Amino acid sequence: MNGAQKSAKNTVKNVSLVVLVLLLVVLCAANWLTGLNIAQMPVDSVLRRAYDRLSGGAVGYVLRSSGVAAAEPAQLALVVDGQLYGVQYSPAELDAGMEATRALWAQVLAGGALHPADETALTAALGGQNCALLRYHGAIPLGMLASWMGGVWDSTLAVETVVYAAETETLFVRAVDGTLYAAQAKADRAALETAQQGFRGLPCKFAGSAYAVYPETLLFESEALSLPLLTAQAPALFEPQSGAGLETLLAAFDYTPYARTYPEQGGRVKVFVDNASTLRVWDTGMVQYAATGADSTVRAYDSGEAEGLAALDAQLDCARLILEGAMRAAETGTQPSLYAVRQQGGGRTALVFLQMYGGVPVLGEQDFATFVFEEGALASATIRLQCLRVGERYRTILPARQAAAGADGARRGLIAAYRQQEDVLVPGRFYL
């Protein structure tokens, strides 16, 4: 009996010892993994894939398909009680307008067969009792715009303006090259009435056929858009008092503060290197990212995870989050807005962003930010960060009605924007 008890005790001791040894091995492995920079490991390595599987995700890429709008509209308009009301360039007013009309646009942007339309058909529709307009800076793929509104449209046609005419149940879309298309669309009467009850704006009219601008151009009855002059400064990313600015910028590109670094051009450029990419940061605010082929640790999605509009949406979300992080690091005081999507073939996509100050574009000689993806991996990125400061002087820009009256030649669009004049950024009205 005593022998059996001793044998059982020895068995328990041996099992306990084995368990302790296994726990020690696990703790040592965990400690070793903690010291590793998983984000910098090649995505195809065995250890990286094992970590991704265990963590339920991947450091370096996330399938981002949040549907968050990457561009705020430039203008919104809706006919209420026979009068056209519109909002423009004010983020707060545009957000309120979007909240009031989103359900209407979700029903209207529900897919349909697009066909070329005549300008006279649009002009006639604009005179109806129930019209709605939505216009963006730049060109947004129609399918992406629809998803932001809660609708579904399987189309990559890049559009700047959409107009819904309830009387004829027609949706008109203005493509980036000025071509006009139309499709059948319908919204419930209740959705239209709810939008009209909640929408607030200033009285305005459509330009129609009386001016050499697009007929859907909004002409406000009493427009006095007064904007401050701005000065641009380089962000203080290299200054010790800038806090976590540089670390935040590195984190936006999935770098850690412990990444290998070396200076260039007498310290004006800091270069960060990992196993698959290089990040250059200029003291002027220029940021350039370049990856070596498909080994980029920054991925919008992995191979086979997304295609079509889903892949485009994932890439856009990836770029948007990086850009927002970079602008937050530099404390620019501005917002990014999608301007163009260029499908370049071979799984290559370029996304171009504008810099916005208070809902007004800030235009420069070069694009503010460009991201290039190859098969879901970020191949390159360029961002020109600058901090904008408000001056004491203001300028009232030319009203759209006067600008439309001065337009000649082919029909064109109008835009209010900032442009550099000597050492300040000055607001003005421009033809597109």
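Computed from a prediction, not measured in an experiment: that's the story for all the values here.
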Inset, instruction - Could you grab the distance from atom CG of Leu351 to atom OH of Tyr339, nearest 0.5 Å is fine? - result: 14.5 Å
Inset, instruction - Could you walk me through whether Lys270 and Leu246 pass side-chain contact (heavy atoms from CB on, under 4.5 Å), step by step? - result: CA-CA 10 Å; Lys270 288 187 177 181; Leu246 188 56; 4.2 Å; yes
Legend entry - From CZ (Arg342) to OG1 (Thr370), nearest 0.5 Å: 7.0 Å
Legend entry - Glu324 and Arg328: CA distance, side-chain angles, deciding distance, salt bridge (Lys or Arg N to Asp or Glu O under 4.0 Å) verdict: CA-CA 6 Å; Glu324 288 176 351; Arg328 185 169 57 252; 5.5 Å; no
Inset, instruction - Please identify each residue that fulfils side-chain contact (heavy atoms from CB on, under 4.5 Å) with Gln75, with sequence neighbours left out. - result: Gln88, Leu133, Arg135, Leu218, Phe220
Legend entry - side-chain contact (heavy atoms from CB on, under 4.5 Å) evaluation trace for Leu219 with Val213: CA-CA 11 Å; Leu219 306 180; Val213 294; 5.6 Å; no
Inset, instruction - Go through Thr284 and Arg268 one step at a time and tell me if the side-chain contact (heavy atoms from CB on, under 4.5 Å) criterion holds. - result: CA-CA 8 Å; Thr284 59; Arg268 294 188 58 205; 3.6 Å; yes
Legend entry - Heavy-atom donor-acceptor pair, Glu167 side chain to Asn130 backbone, under 3.5 Å: yes
Legend entry - Approximate separation, where rounding is to 0.5 Å, of Arg280 CZ and Gln288 CD: 8.0 Å
Inset, instruction - Take the angle between the ring planes of Tyr255 and Phe272 and call it parallel below 30°, perpendicular above 60°, tilted in between. - result: perpendicular
Legend entry - Distance-only side-chain donor-acceptor flag, Ser337 / Tyr136, under 3.5 Å: no
Legend entry - Side-chain (Thr194) to main-chain (Ala191) donor-acceptor, under 3.5 angstrom: no
Legend entry - Of Asp367, Leu323, Ile383, the residue whose pairing with Phe353 passes side chain to side chain contact (heavy atoms under 4.5 Å, CB included): Leu323
Inset, instruction - Go through the steps for Met149 and Met98 under the test side-chain contact (heavy atoms from CB on, under 4.5 Å), then give the verdict. - result: CA-CA 9 Å; Met149 300 299 152; Met98 287 302 302; 3.0 Å; yes
Inset, instruction - Kindly say whether Leu398 contributes a backbone atom to a donor-acceptor pair with the side chain of Arg429 at under 3.5 angstrom? - result: yes
